[in-house]
Amino acid sequence: PYTLQEQTLHAGGVTGTWSDVGNFWGRLKIVSPDNDATHQIIVRYNPQLGIKPGQRISYSDNSYIVTKVHDPSADKRWLTIFVREEQYLN
């Protein structure tokens, strides 16, 4: 499964460590790279996860920063999560 993570901010706005928010299943697809995304992940809609830009998704030894979340049919069944791959997991 994929792991959704959120970064903790310390005093003064200094970024801290990543904490796990939850796990989910999805399908990873490579997209034509642009300034915002290198991949997209298709997942079943789950309001409890609250996926939003700035969070991180880790899978295997890779990590991805969420850049955009889109509900393509506006029926809250599936989400397309656009992500940018990071070089190394922190």
Side-chain angles (χ1 to χ4, degrees):
Y2 294 90
T3 301
L4 180 65
Q5 299 176 319
E6 200 162 66
Q7 195 167 37
T8 306
L9 294 179
H10 296 293
V14 178
T15 56
T17 57
W18 290 96
S19 302
D20 293 352
V21 175
N23 296 313
F24 61 92
W25 294 98
R27 181 175 54 137
L28 181 70
K29 292 174 59 176
I30 296 173
V31 296
S32 298
D34 62 19
N35 293 336
D36 293 328
T38 57
H39 296 75
Q40 66 182 17
I41 303 170
I42 310 297
V43 301
R44 189 172 287 281
Y45 179 79
N46 181 347
Q48 294 174 337
L49 285 176
I51 301 170
K52 58 188 179 278
Q55 292 177 316
R56 182 168 78 174
I57 295 172
S58 65
Y59 178 71
S60 188
D61 289 332
N62 299 316
S63 63
Y64 307 89
I65 298 296
V66 177
T67 60
K68 179 180 168 185
V69 180
H70 178 64
D71 180 354
S73 59
D75 63 1
K76 296 185 177 180
R77 292 186 54 186
W78 299 98
L79 289 179
T80 302
I81 307 166
F82 292 90
V83 296
R84 183 183 68 252
E85 185 173 15
E86 290 188 313
Q87 293 293 334
Y88 304 101
L89 245 156
N90 295 335

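The basis for the numbers below is simple: all heavy atoms, side chains too, and nothing from hydrogens, waters or symmetry mates.
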Drop me the distance from [X]'s [atom1] to [Y]'s [atom2], to the nearest 0.5 angstrom.
{"X": "Q5", "Y": "N23", "atom1": "CD", "atom2": "CG", "value": "9.5 Å"}
{"X": "F82", "Y": "K29", "atom1": "CZ", "atom2": "NZ", "value": "9.5 Å"}
{"X": "H39", "Y": "N62", "atom1": "NE2", "atom2": "CG", "value": "7.5 Å"}
{"X": "I51", "Y": "L79", "atom1": "CD1", "atom2": "CG", "value": "6.0 Å"}
{"X": "I57", "Y": "W18", "atom1": "CD1", "atom2": "CH2", "value": "10.5 Å"}

Please check if [X] and [Y] belong to a single hydrophobic cluster, counting links between Ile, Leu, Val, Met, Phe, Trp and Tyr side chain heavy atoms closer than 4.5 Å.
{"X": "V83", "Y": "V31", "answer": "no"}
{"X": "I42", "Y": "L49", "answer": "no"}
{"X": "W78", "Y": "L4", "answer": "no"}

Does the side chain of Y64 reach to within under 4.5 Å of the side chain of I81, using non-hydrogen atoms?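 No; the side chains remain at least 4.5 Å from each other.
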Minimal non-hydrogen separation, [X] against [Y], with atom names:
{"X": "I41", "Y": "G26", "value": "CG2-CA, 4.4 Å"}
{"X": "D75", "Y": "S73", "value": "OD1-OG, 2.7 Å"}
{"X": "D71", "Y": "K76", "value": "OD2-N, 2.9 Å"}

Quick one: side chain to side chain donor-acceptor pair (under 3.5 Å) partners of D36, sequence neighbours excluded? none
Going by distance alone, is a donor N or O of one side chain under 3.5 Å from an acceptor N or O of the other, for S63 and E86?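 Judged by distance alone, the side chains do pair up.
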I would like to know whether Q40 and K68 meet side-chain contact (heavy atoms from CB on, under 4.5 Å); could you show each step before the answer? CA-CA 9 Å; Q40 66 182 17; K68 179 180 168 185; over 6 Å; no
Test side-chain contact (heavy atoms from CB on, under 4.5 Å) on Q7 and R56; report intermediate values, then the result. CA-CA 8 Å; Q7 195 167 37; R56 182 168 78 174; over 6 Å; no
Could you check Y2 against V43 for side-chain contact (heavy atoms from CB on, under 4.5 Å), going step by step and ending with a plain yes or no? CA-CA 10 Å; Y2 294 90; V43 301; 5.7 Å; no
